[in-house]
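These notes concern the structure reproduced below.
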Amino acid sequence: MNWQTTWIFPLLLLLFVGCKKADLTEDNPSDVEVTTMSHITSTSEACKEVLEPDWNDDSTQIPTILGYRLQNNPYSLANMQQASINLYGQSNGIAINRKYMRFKPSDETQLQMLIDTDIELTDYPLDYYLVQEGDYYDQGLPPQEIPWLYSAL
């Protein structure tokens with residue numbers, strides 16, 4: 001017996017036996033949905049389901065963490081013109097093409113109007129160094145209050 005046949009048998013055993021789910025429908029109440037092997041068309045799909053969890057259903061919310069406030073507005077027209085001079089020796093063609101906006105909707109109607117636009121909104125200020133982008137930014141407001149929203153238009 002050579003070394004290839006020595007490791008192929010355990011691998012095949014793991015593939016066909018190791019990834020099967022047990023049928024637990026008899027022990028479970030009727031209001032709980034149970035996935036059994038009869039719902040999965042092949043063994044490779046069963047292994048994929050076991051080995052690749054669905055990360056989209058992650059229930060852990062990660063906070064957005066901001067660092068220091070960007071000093072002297074690095075996105076100002078003067079700074080962009082100076083950067084162009086440093087790179088290209090001239091600042092021709094550098095003009096304002098976006099404006100930094102901050103919104104504070106006072107009610108659900110105003111919030112829905114903002115959401116219905118094509119404006120990309122964030123719940124954290126854009127003039128801070130972004131340490132970690134997460135699912136939410138804690139502005140220190142009561143939970144029922146609508147937070148400040150930020151965008152570059």
Side-chain angles (χ1 to χ4, degrees), residues 7 10-11 14-25 28-29 31-153:
W7 64 268
L11 181 65
L14 175 67
L15 182 65
F16 290 107
V17 177
C19 292
K20 291 184 180 180
K21 289 185 176 180
D23 187 3
L24 303 174
T25 54
N28 291 324
D31 60 335
V32 175
E33 182 179 335
V34 175
T35 304
T36 62
M37 285 306 294
S38 63
H39 294 99
I40 300 173
T41 57
S42 72
T43 305
S44 63
E45 287 180 26
C47 290
K48 181 179 177 184
E49 185 176 326
V50 170
L51 298 176
E52 295 179 12
D54 186 9
W55 297 112
N56 295 330
D57 289 337
D58 188 11
S59 61
T60 304
Q61 296 288 309
I62 299 170
T64 296
I65 300 172
L66 299 179
Y68 57 88
R69 186 171 190 169
L70 301 173
Q71 298 297 315
N72 300 326
N73 189 4
Y75 306 111
S76 71
L77 180 60
N79 283 340
M80 290 293 120
Q81 288 173 336
Q82 185 60 49
S84 179
I85 290 170
N86 293 347
L87 288 172
Y88 307 115
Q90 63 171 335
S91 66
N92 296 343
I94 303 296
I96 294 174
N97 62 359
R98 297 212 180 236
K99 293 190 181 212
Y100 178 59
M101 305 290 290
R102 182 171 98 156
F103 303 98
K104 181 67 168 129
S106 60
D107 58 18
E108 294 291 326
T109 304
Q110 289 183 357
L111 178 62
Q112 192 58 48
M113 287 173 55
L114 276 172
I115 292 171
D116 289 343
T117 64
D118 275 345
I119 299 172
E120 185 175 333
L121 299 167
T122 65
D123 62 347
Y124 58 88
L126 302 174
D127 58 341
Y128 282 80
Y129 176 72
L130 184 61
V131 175
Q132 171 183 306
E133 187 168 9
D135 301 311
Y136 69 93
Y137 176 67
D138 185 8
Q139 296 182 8
L141 301 172
Q144 68 275 9
E145 189 171 338
I146 299 172
W148 285 96
L149 300 171
Y150 304 87
S151 184
L153 303 170

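Side-chain contact check for Gln139 versus Tyr124: every heavy-atom pair is 4.5 Å or farther apart.
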Would you tabulate the side-chain donor-acceptor contacts of residues 63-70 under 3.5 Å, counting partners in other chains and residues two or more places apart, or write 'none'?
| from | atom 1 | to | atom 2 | distance (Å) |
| --- | --- | --- | --- | --- |
| Thr64 | OG1 | Gly134 | N | 3.0 |
| Thr64 | OG1 | Tyr136 | O | 3.2 |
| Arg69 | NE | Asp127 | OD2 | 3.0 |
| Arg69 | NH2 | Asp127 | OD2 | 2.7 |

What donor-acceptor contacts under 3.5 angstrom involve side-chain atoms of residues 141-153, with partners at least two apart or in another chain?
| from | atom 1 | to | atom 2 | distance (Å) |
| --- | --- | --- | --- | --- |
| Glu145 | OE2 | Lys104 | NZ | 3.3 |
| Ser151 | OG | Glu120 | O | 2.9 |

List, one per line, each side-chain donor-acceptor pair under 3.5 Å for residues 110-119, sequence neighbours excluded.
| from | atom 1 | to | atom 2 | distance (Å) |
| --- | --- | --- | --- | --- |
| Gln110 | OE1 | Ser106 | N | 2.8 |
| Gln110 | OE1 | Ser106 | OG | 3.0 |
| Gln110 | NE2 | Ser106 | OG | 3.4 |
| Gln112 | NE2 | Asp116 | OD1 | 2.9 |
| Thr117 | OG1 | Leu114 | O | 2.6 |
| Thr117 | OG1 | Ile119 | N | 3.4 |

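In this structure, the side chain to side chain donor-acceptor pair (under 3.5 Å) partners of Gln82, at least two apart in sequence or on a different chain, are Asn86. Residues satisfying the side chain to side chain donor-acceptor pair (under 3.5 Å) criterion with Asn92, sequence neighbours excluded, are Gln90. Taking the side chain to side chain donor-acceptor pair (under 3.5 Å) definition, one finds that Asn97 meets it with nothing, sequence neighbours left out.
One finds the CD atom of Gln81 at 7.0 Å from the CD1 atom of Ile94 (value rounded to the nearest 0.5 Å).
Sorted pairs that involve residues 77-122 and meet ring pair (Phe, Tyr, Trp, His ring centres under 6.0 Å), not counting sequence neighbours, are lacking altogether. Within the structure, salt bridge (charged side-chain N to carboxylate O under 4.0 Å, His left out) contacts touching residues 79-100 (residues at least two apart or in different chains) do not occur. Within the structure, salt bridge (charged side-chain N to carboxylate O under 4.0 Å, His left out) contacts touching residues 76-96 (residues at least two apart or in different chains) do not occur.
Closest heavy-atom contact between Ile85 and Ser91: CG1-CB, 3.8 Å.
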